[in-house]
Q: 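Handing you a structure now.
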There are 2 protein chains.
Amino acid sequence: MDASNQTCAQAILETVPVIIQAIRVEMRLERMHDLSVPQFRTLAYIARHPGCSLSDVAEFIGLTLPSMSVLINGLVGQGLVLRQVSLIDRRRVTLTLTEAGSEVYQRARQGTIAWLQRLLEPLSEEERRTIVQAMELLKPIFSAEMAHQKSKQLVEESTGR
Amino acid sequence: MDASNQTCAQAILETVPVIIQAIRVEMRLERMHDLSVPQFRTLAYIARHPGCSLSDVAEFIGLTLPSMSVLINGLVGQGLVLRQVSLIDRRRVTLTLTEAGSEVYQRARQGTIAWLQRLLEPLSEEERRTIVQAMELLKPIFSAEMAHQKSKQLVEESTGR
DNA sequence: TCAAATAGTTAAGCATACTAATTATTATAG
DNA sequence: CTATAATAATTAGTATGCTTAACTATTTGA
(Lines give C-alpha, C1' and ligand atoms only; values in the text may rest on other atoms or scores of the structure.)
Protein backbone atom coordinates (compact mmCIF):
# COMPACT_ATOMS: atom_id res chain seq x y z
CA MET A 1 0.00 0.00 0.00
CA ASP A 2 1.78 3.12 -1.13
CA ALA A 3 -1.03 5.57 -1.70
CA SER A 4 0.99 7.87 0.49
CA ASN A 5 3.91 7.54 -1.90
CA GLN A 6 1.83 8.76 -4.81
CA THR A 7 0.28 11.52 -2.73
CA CYS A 8 3.75 12.63 -1.79
CA ALA A 9 4.94 12.71 -5.40
CA GLN A 10 1.90 14.73 -6.44
CA ALA A 11 2.34 17.17 -3.58
CA ILE A 12 5.94 17.81 -4.60
CA LEU A 13 5.09 18.20 -8.27
CA GLU A 14 2.36 20.71 -7.49
CA THR A 15 4.20 22.72 -4.89
CA VAL A 16 7.85 22.97 -5.83
CA PRO A 17 7.29 24.78 -9.15
CA VAL A 18 5.13 27.35 -7.36
CA ILE A 19 7.83 27.99 -4.77
CA ILE A 20 10.64 28.30 -7.27
CA GLN A 21 8.61 30.65 -9.45
CA ALA A 22 7.94 32.92 -6.49
CA ILE A 23 11.63 32.87 -5.58
CA ARG A 24 12.58 33.73 -9.15
CA VAL A 25 10.15 36.63 -9.36
CA GLU A 26 11.25 37.89 -5.95
CA MET A 27 14.89 37.82 -6.96
CA ARG A 28 14.08 39.66 -10.17
CA LEU A 29 11.85 42.24 -8.48
CA GLU A 30 14.47 43.00 -5.86
CA ARG A 31 17.10 42.87 -8.62
CA MET A 32 19.15 40.97 -6.05
CA HIS A 33 22.22 43.01 -6.94
CA ASP A 34 21.89 41.77 -10.51
CA LEU A 35 22.21 38.09 -9.73
CA SER A 36 20.14 35.41 -11.40
CA VAL A 37 19.21 32.28 -9.49
CA PRO A 38 21.95 30.16 -11.11
CA GLN A 39 24.47 32.94 -10.47
CA PHE A 40 23.39 33.08 -6.86
CA ARG A 41 23.68 29.34 -6.49
CA THR A 42 27.12 29.43 -8.10
CA LEU A 43 28.33 32.03 -5.62
CA ALA A 44 26.88 29.92 -2.82
CA TYR A 45 28.76 26.86 -4.01
CA ILE A 46 32.06 28.67 -4.42
CA ALA A 47 31.64 30.27 -1.00
CA ARG A 48 31.40 26.80 0.53
CA HIS A 49 33.98 25.15 -1.72
CA PRO A 50 36.67 27.75 -2.33
CA GLY A 51 39.25 26.61 -4.87
CA CYS A 52 36.78 24.32 -6.64
CA SER A 53 36.98 23.67 -10.37
CA LEU A 54 34.54 24.64 -13.09
CA SER A 55 33.37 21.04 -13.47
CA ASP A 56 32.64 20.82 -9.76
CA VAL A 57 30.27 23.78 -9.85
CA ALA A 58 28.75 22.75 -13.16
CA GLU A 59 27.91 19.33 -11.80
CA PHE A 60 26.42 20.72 -8.61
CA ILE A 61 24.33 23.36 -10.32
CA GLY A 62 23.31 20.99 -13.11
CA LEU A 63 24.69 22.98 -16.02
CA THR A 64 26.97 21.94 -18.85
CA LEU A 65 30.59 23.04 -18.77
CA PRO A 66 30.19 25.64 -21.53
CA SER A 67 27.19 27.19 -19.79
CA MET A 68 29.05 27.33 -16.54
CA SER A 69 32.10 28.80 -18.26
CA VAL A 70 29.99 31.65 -19.60
CA LEU A 71 28.19 32.13 -16.30
CA ILE A 72 31.55 32.39 -14.53
CA ASN A 73 32.70 34.87 -17.15
CA GLY A 74 29.88 37.12 -16.06
CA LEU A 75 30.75 36.83 -12.39
CA VAL A 76 34.44 37.42 -13.08
CA GLY A 77 33.47 40.44 -15.18
CA GLN A 78 31.51 41.84 -12.27
CA GLY A 79 34.53 41.29 -10.05
CA LEU A 80 32.76 38.77 -7.86
CA VAL A 81 34.79 35.67 -8.64
CA LEU A 82 38.48 35.00 -9.11
CA ARG A 83 39.39 32.48 -11.80
CA GLN A 84 42.95 31.18 -11.55
CA VAL A 85 44.81 28.42 -13.33
CA SER A 86 45.49 25.58 -10.93
CA LEU A 87 49.14 25.13 -10.00
CA ILE A 88 48.81 21.38 -9.69
CA ASP A 89 47.02 20.75 -12.98
CA ARG A 90 47.22 23.60 -15.46
CA ARG A 91 44.13 22.41 -17.36
CA ARG A 92 42.08 23.09 -14.30
CA VAL A 93 40.80 26.34 -12.96
CA THR A 94 40.35 27.24 -9.32
CA LEU A 95 37.48 29.46 -8.35
CA THR A 96 37.24 31.69 -5.29
CA LEU A 97 35.07 34.61 -4.28
CA THR A 98 36.56 38.08 -4.18
CA GLU A 99 35.81 40.32 -1.23
CA ALA A 100 33.08 41.96 -3.32
CA GLY A 101 31.72 38.58 -4.34
CA SER A 102 31.49 37.50 -0.77
CA GLU A 103 29.63 40.67 0.18
CA VAL A 104 27.22 40.55 -2.74
CA TYR A 105 26.49 36.91 -2.03
CA GLN A 106 25.86 37.52 1.64
CA ARG A 107 23.61 40.47 0.94
CA ALA A 108 21.60 38.56 -1.66
CA ARG A 109 21.32 35.61 0.67
CA GLN A 110 20.26 37.70 3.64
CA GLY A 111 17.71 39.55 1.54
CA THR A 112 16.14 36.39 0.20
CA ILE A 113 16.12 34.71 3.59
CA ALA A 114 14.52 37.78 5.16
CA TRP A 115 11.80 37.66 2.52
CA LEU A 116 11.25 33.95 3.17
CA GLN A 117 11.20 34.53 6.91
CA ARG A 118 8.47 37.11 6.50
CA LEU A 119 6.43 34.62 4.50
CA LEU A 120 6.91 31.91 7.10
CA GLU A 121 6.04 34.14 10.04
CA PRO A 122 2.38 33.05 10.31
CA LEU A 123 3.45 29.44 10.81
CA SER A 124 3.73 27.82 14.20
CA GLU A 125 6.99 26.54 15.59
CA GLU A 126 5.88 23.00 14.92
CA GLU A 127 4.82 23.68 11.34
CA ARG A 128 8.23 25.15 10.64
CA ARG A 129 9.85 22.09 12.12
CA THR A 130 7.82 19.93 9.76
CA ILE A 131 9.08 21.97 6.81
CA VAL A 132 12.70 21.79 7.92
CA GLN A 133 12.41 18.03 8.34
CA ALA A 134 10.86 17.66 4.91
CA MET A 135 13.63 19.69 3.31
CA GLU A 136 16.26 17.65 5.07
CA LEU A 137 14.66 14.48 3.77
CA LEU A 138 14.36 15.74 0.21
CA LYS A 139 17.71 17.43 -0.30
CA PRO A 140 19.94 14.32 -0.27
CA ILE A 141 17.47 12.41 -2.44
CA PHE A 142 17.48 14.98 -5.20
CA SER A 143 21.19 15.75 -4.92
CA ALA A 144 21.92 12.08 -5.46
CA GLU A 145 19.44 11.95 -8.34
CA MET A 146 21.20 14.83 -10.08
CA ALA A 147 24.47 12.92 -9.99
CA HIS A 148 22.66 9.88 -11.32
CA GLN A 149 21.09 11.89 -14.12
CA LYS A 150 24.49 13.14 -15.09
CA SER A 151 25.92 9.67 -15.53
CA LYS A 152 22.80 8.78 -17.54
CA GLN A 153 23.51 11.66 -19.91
CA LEU A 154 27.07 10.45 -20.41
CA VAL A 155 25.90 6.96 -21.23
CA GLU A 156 23.46 8.32 -23.79
CA GLU A 157 26.26 10.33 -25.37
CA SER A 158 28.63 7.39 -25.65
CA THR A 159 25.97 5.15 -27.18
CA GLY A 160 25.31 7.73 -29.85
CA ARG A 161 22.25 9.15 -28.03
CA MET B 1 12.84 33.56 19.55
CA ASP B 2 12.57 32.56 15.91
CA ALA B 3 15.79 30.73 15.24
CA SER B 4 13.56 28.05 13.75
CA ASN B 5 12.14 30.59 11.34
CA GLN B 6 15.57 31.36 9.93
CA THR B 7 16.51 27.70 9.81
CA CYS B 8 13.33 27.06 7.87
CA ALA B 9 14.04 29.81 5.35
CA GLN B 10 17.57 28.50 4.84
CA ALA B 11 16.37 24.95 4.39
CA ILE B 12 13.93 26.04 1.69
CA LEU B 13 16.47 28.19 -0.10
CA GLU B 14 18.98 25.34 -0.17
CA THR B 15 16.63 22.56 -1.11
CA VAL B 16 14.01 23.87 -3.51
CA PRO B 17 16.45 24.87 -6.27
CA VAL B 18 18.01 21.42 -6.12
CA ILE B 19 14.63 19.74 -6.50
CA ILE B 20 13.47 21.93 -9.36
CA GLN B 21 16.74 21.46 -11.21
CA ALA B 22 16.43 17.69 -10.94
CA ILE B 23 12.83 17.88 -12.19
CA ARG B 24 13.88 20.04 -15.12
CA VAL B 25 16.68 17.70 -16.11
CA GLU B 26 14.42 14.67 -15.73
CA MET B 27 11.77 16.21 -17.93
CA ARG B 28 14.37 17.08 -20.54
CA LEU B 29 16.05 13.66 -20.41
CA GLU B 30 12.76 11.87 -20.82
CA ARG B 31 11.82 14.52 -23.41
CA MET B 32 8.42 14.37 -21.71
CA HIS B 33 6.73 14.41 -25.08
CA ASP B 34 8.50 17.69 -25.83
CA LEU B 35 7.08 19.64 -22.93
CA SER B 36 9.01 22.15 -20.86
CA VAL B 37 8.13 22.68 -17.21
CA PRO B 38 6.10 25.86 -17.88
CA GLN B 39 4.31 24.13 -20.77
CA PHE B 40 3.52 21.23 -18.48
CA ARG B 41 2.22 23.55 -15.78
CA THR B 42 0.11 25.38 -18.35
CA LEU B 43 -1.51 22.16 -19.50
CA ALA B 44 -2.13 21.25 -15.87
CA TYR B 45 -3.86 24.56 -15.24
CA ILE B 46 -6.03 24.36 -18.34
CA ALA B 47 -6.95 20.78 -17.51
CA ARG B 48 -8.27 21.97 -14.16
CA HIS B 49 -9.77 25.23 -15.40
CA PRO B 50 -11.13 24.52 -18.85
CA GLY B 51 -12.36 27.64 -20.60
CA CYS B 52 -9.97 29.89 -18.70
CA SER B 53 -8.49 33.03 -20.26
CA LEU B 54 -4.91 33.79 -21.14
CA SER B 55 -4.58 36.21 -18.24
CA ASP B 56 -5.77 33.54 -15.82
CA VAL B 57 -3.05 31.12 -16.81
CA ALA B 58 -0.41 33.83 -17.04
CA GLU B 59 -1.14 34.96 -13.51
CA PHE B 60 -1.10 31.44 -12.13
CA ILE B 61 2.11 30.42 -13.87
CA GLY B 62 3.75 33.76 -13.13
CA LEU B 63 4.46 34.79 -16.71
CA THR B 64 3.63 38.02 -18.52
CA LEU B 65 0.78 38.00 -21.01
CA PRO B 66 3.04 38.15 -24.08
CA SER B 67 5.13 35.25 -22.84
CA MET B 68 2.03 33.23 -22.17
CA SER B 69 0.62 34.10 -25.56
CA VAL B 70 3.72 32.72 -27.23
CA LEU B 71 3.78 29.65 -24.99
CA ILE B 72 0.14 28.95 -25.89
CA ASN B 73 1.01 29.40 -29.56
CA GLY B 74 3.41 26.52 -29.22
CA LEU B 75 0.85 24.30 -27.54
CA VAL B 76 -1.81 25.20 -30.11
CA GLY B 77 0.73 24.46 -32.86
CA GLN B 78 1.31 21.02 -31.37
CA GLY B 79 -2.43 20.46 -31.34
CA LEU B 80 -2.61 20.21 -27.57
CA VAL B 81 -4.66 23.29 -26.78
CA LEU B 82 -7.73 24.89 -28.35
CA ARG B 83 -7.79 28.69 -28.38
CA GLN B 84 -11.24 30.17 -29.06
CA VAL B 85 -12.62 33.68 -28.88
CA SER B 86 -14.98 34.04 -25.95
CA LEU B 87 -18.64 34.48 -26.90
CA ILE B 88 -19.36 36.68 -23.90
CA ASP B 89 -16.41 39.05 -24.27
CA ARG B 90 -14.78 38.97 -27.65
CA ARG B 91 -11.52 40.43 -26.34
CA ARG B 92 -11.06 37.33 -24.27
CA VAL B 93 -9.85 33.94 -25.30
CA THR B 94 -11.00 30.65 -23.85
CA LEU B 95 -8.52 27.83 -23.55
CA THR B 96 -9.28 24.12 -23.45
CA LEU B 97 -7.24 20.97 -23.91
CA THR B 98 -7.73 18.92 -27.05
CA GLU B 99 -8.02 15.15 -26.78
CA ALA B 100 -4.33 14.95 -27.68
CA GLY B 101 -3.46 17.63 -25.14
CA SER B 102 -5.24 15.75 -22.43
CA GLU B 103 -3.40 12.55 -23.29
CA VAL B 104 0.02 14.16 -23.53
CA TYR B 105 -0.54 15.93 -20.23
CA GLN B 106 -1.64 12.76 -18.47
CA ARG B 107 1.29 10.79 -19.84
CA ALA B 108 3.79 13.47 -18.85
CA ARG B 109 2.24 13.74 -15.42
CA GLN B 110 2.19 9.98 -14.87
CA GLY B 111 5.77 9.67 -16.03
CA THR B 112 7.04 12.39 -13.74
CA ILE B 113 5.09 11.12 -10.79
CA ALA B 114 6.38 7.59 -11.38
CA TRP B 115 9.91 8.95 -11.37
CA LEU B 116 9.27 10.86 -8.16
CA GLN B 117 7.67 7.80 -6.57
CA ARG B 118 10.76 5.78 -7.36
CA LEU B 119 12.91 8.42 -5.64
CA LEU B 120 10.67 8.49 -2.59
CA GLU B 121 10.52 4.73 -2.22
CA PRO B 122 13.27 4.48 0.41
CA LEU B 123 11.33 6.78 2.75
CA SER B 124 9.14 5.51 5.53
CA GLU B 125 5.42 6.10 5.63
CA GLU B 126 5.91 8.72 8.31
CA GLU B 127 8.66 10.56 6.47
CA ARG B 128 6.40 10.84 3.45
CA ARG B 129 3.64 12.18 5.61
CA THR B 130 6.03 14.86 6.86
CA ILE B 131 6.78 15.85 3.28
CA VAL B 132 3.13 15.98 2.28
CA GLN B 133 2.36 18.14 5.29
CA ALA B 134 5.22 20.48 4.49
CA MET B 135 4.05 20.85 0.89
CA GLU B 136 0.50 21.56 2.03
CA LEU B 137 1.80 24.26 4.33
CA LEU B 138 4.02 25.86 1.71
CA LYS B 139 1.76 25.84 -1.33
CA PRO B 140 -0.82 28.38 -0.18
CA ILE B 141 1.88 30.66 1.21
CA PHE B 142 3.73 30.89 -2.07
CA SER B 143 0.61 30.99 -4.21
CA ALA B 144 -0.57 34.00 -2.25
CA GLU B 145 2.87 35.57 -2.50
CA MET B 146 2.82 35.27 -6.28
CA ALA B 147 -0.44 37.21 -6.42
CA HIS B 148 1.08 39.78 -4.11
CA GLN B 149 4.21 40.05 -6.26
CA LYS B 150 2.02 40.68 -9.26
CA SER B 151 0.26 43.64 -7.69
CA LYS B 152 3.67 44.94 -6.64
CA GLN B 153 4.80 44.88 -10.26
CA LEU B 154 1.73 46.84 -11.32
CA VAL B 155 2.38 49.49 -8.69
CA GLU B 156 5.95 49.85 -9.87
CA GLU B 157 4.75 50.31 -13.41
CA SER B 158 2.17 52.97 -12.54
CA THR B 159 4.66 54.94 -10.46
CA GLY B 160 7.07 55.01 -13.39
CA ARG B 161 9.15 52.15 -11.99
C1' DT C 1 57.08 9.39 -27.36
C1' DC C 2 52.70 9.54 -29.08
C1' DA C 3 47.73 8.51 -28.62
C1' DA C 4 43.95 8.99 -25.51
C1' DA C 5 41.73 11.31 -21.91
C1' DT C 6 40.63 15.47 -19.30
C1' DA C 7 39.51 20.57 -18.38
C1' DG C 8 38.03 24.33 -20.24
C1' DT C 9 36.85 27.82 -24.04
C1' DT C 10 34.67 29.60 -28.16
C1' DA C 11 31.03 29.78 -31.53
C1' DA C 12 26.47 29.23 -33.30
C1' DG C 13 21.77 28.39 -32.60
C1' DC C 14 17.44 27.83 -30.20
C1' DA C 15 14.15 28.65 -26.53
C1' DT C 16 12.28 31.55 -23.14
C1' DA C 17 10.82 35.55 -21.13
C1' DC C 18 10.94 40.49 -21.05
C1' DT C 19 9.33 45.50 -22.48
C1' DA C 20 7.09 48.50 -25.65
C1' DA C 21 3.86 49.32 -29.03
C1' DT C 22 -0.46 47.94 -31.49
C1' DT C 23 -5.16 46.04 -32.35
C1' DA C 24 -9.71 44.89 -31.07
C1' DT C 25 -13.33 45.02 -27.96
C1' DT C 26 -15.93 46.60 -23.98
C1' DA C 27 -17.07 49.93 -20.23
C1' DT C 28 -17.97 54.55 -18.79
C1' DA C 29 -18.20 59.76 -18.43
C1' DG C 30 -20.06 63.76 -20.39
C1' DC D 1 -25.17 58.46 -27.68
C1' DT D 2 -20.74 59.55 -28.57
C1' DA D 3 -15.85 59.89 -27.21
C1' DT D 4 -12.56 58.47 -24.15
C1' DA D 5 -10.63 55.17 -21.04
C1' DA D 6 -9.82 50.55 -19.73
C1' DT D 7 -9.13 45.67 -20.76
C1' DA D 8 -7.48 41.32 -23.34
C1' DA D 9 -4.55 39.75 -26.29
C1' DT D 10 -1.01 39.94 -30.00
C1' DT D 11 3.16 41.37 -32.47
C1' DA D 12 7.86 43.01 -32.71
C1' DG D 13 12.24 43.49 -30.98
C1' DT D 14 15.69 42.39 -27.48
C1' DA D 15 18.29 40.06 -23.87
C1' DT D 16 19.64 36.09 -21.65
C1' DG D 17 20.41 31.36 -20.62
C1' DC D 18 21.46 27.06 -22.02
C1' DT D 19 22.56 23.58 -25.51
C1' DT D 20 25.63 21.03 -28.92
C1' DA D 21 29.73 20.92 -31.73
C1' DA D 22 34.26 21.98 -32.55
C1' DC D 23 38.64 23.39 -30.77
C1' DT D 24 42.88 24.37 -27.57
C1' DA D 25 45.85 23.19 -23.91
C1' DT D 26 47.49 20.02 -20.65
C1' DT D 27 48.21 15.57 -18.54
C1' DT D 28 48.15 10.46 -18.38
C1' DG D 29 49.69 6.15 -19.74
C1' DA D 30 50.66 2.36 -23.34
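These numbers come from a predicted model, not from an experiment. Throughout, protein chains are lettered first and strands after them, A, B, ... in sequence-line order, and every chain is numbered starting at 1.
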Q: Give a yes or no on whether B:Ile131 and B:Leu119 share a hydrophobic cluster (residues Ile, Leu, Val, Met, Phe, Trp, Tyr; joining criterion: side-chain heavy atoms under 4.5 Å apart).
A: yes
Q: Expressed as a whole number of angstroms, how long is the span from A:Phe40:CZ to D:dG17:P?
A: 16 Å
Q: Provide a list of protein-nucleic acid N or O atom pairs under 3.5 angstrom, restricted to nucleotides 22-25 of chain C.
A:
none

Q: Figure out the CD1/C1' separation between B:Ile88 and C:dA27, and round it to whole Å.
A: 16 Å
Q: Treat each ILVMFWY residue as a node, draw an edge where side-chain heavy atoms are under 4.5 Å apart, and state whether B:Leu75 and B:Leu65 are in one component.
A: yes
Q: For A:Leu63 and D:dT20, give me the distance from atom CG to atom P, rounded to whole Å.
A: 11 Å
Q: For A:Leu65 and D:dA25, what is the distance between atoms CG and C1' respectively, to the nearest whole Å?
A: 15 Å
Q: B:Leu71 CG to C:dC18 C1': how many Å, rounded?
A: 14 Å
Q: Under 4.0 Å between a side-chain N/O of A:Ser67 and OP1 or OP2 of D:dT19, yes or no?
A: yes
Q: Could you give the CD-to-C1' distance, from A:Gln39 to D:dC18, as a whole number of Å?
A: 13 Å
Q: Do other residues, nucleotides or ligands put more than 12 heavy atoms under 6.0 Å from the CD atom of A:Gln110?
A: yes
Q: Name all residues meeting the side-chain contact (heavy atoms from CB on, under 4.5 Å) criterion together with B:Pro38; count only those two or more places apart in sequence or in a different chain, and write none if there are none.
A: B:Ser36, B:Leu71
Q: For A:Ser53, which contact category applies under a 4.0 Å heavy-atom criterion: base, sugar-phosphate, or nothing?
A: sugar-phosphate
Q: Whole Å only: how far is the CG atom of A:Leu54 from the P atom of C:dT10?
A: 11 Å
Q: How do A:Val70 and A:Arg92 order along DNA chain C: which one's closest nucleotide is nearer the 5' end?
A: A:Arg92
Q: Distance check needed: D:dC18 P versus A:Ile61 CD1, whole Å only.
A: 10 Å
Q: Measure the acute angle between the ring planes of A:Phe142 and B:Trp115, then classify it against the limits of 30° and 60° as parallel, tilted or perpendicular.
A: perpendicular
Q: Decide yes or no for B:Lys139 and B:Ser143: does some side-chain heavy atom of the first lie under 4.5 Å from some side-chain heavy atom of the second?
A: yes
Q: If you compare every side-chain N and O of B:Ser36 against the phosphate oxygens of C:dT16 (OP1, OP2), does one of them come in below 4.0 Å?
A: yes
Q: Between A:Pro38 and B:Val93, which residue's closest nucleotide on DNA chain D lies nearer the 5′ terminus?
A: B:Val93
Q: Please tell me which of A:Met68 and B:Met68 maps to the more 5' nucleotide of DNA chain D, matching each residue to the nucleotide holding its nearest heavy atom.
A: B:Met68
Q: Kindly state each residue pair satisfying ring-ring contact (aromatic ring centres under 6.0 Å, His included) with at least one member in residues 50-82 of chain A, sequence neighbours excluded.
A: A:Tyr45-A:Phe60
Q: Nearest to the side chain of B:Asn73 - D:dT20, C:dC18, D:dT11?
A: D:dT11
Q: Below the 4.0 Å mark, does D:dT10 have OP1 or OP2 next to a side-chain nitrogen or oxygen of B:Ser69?
A: yes
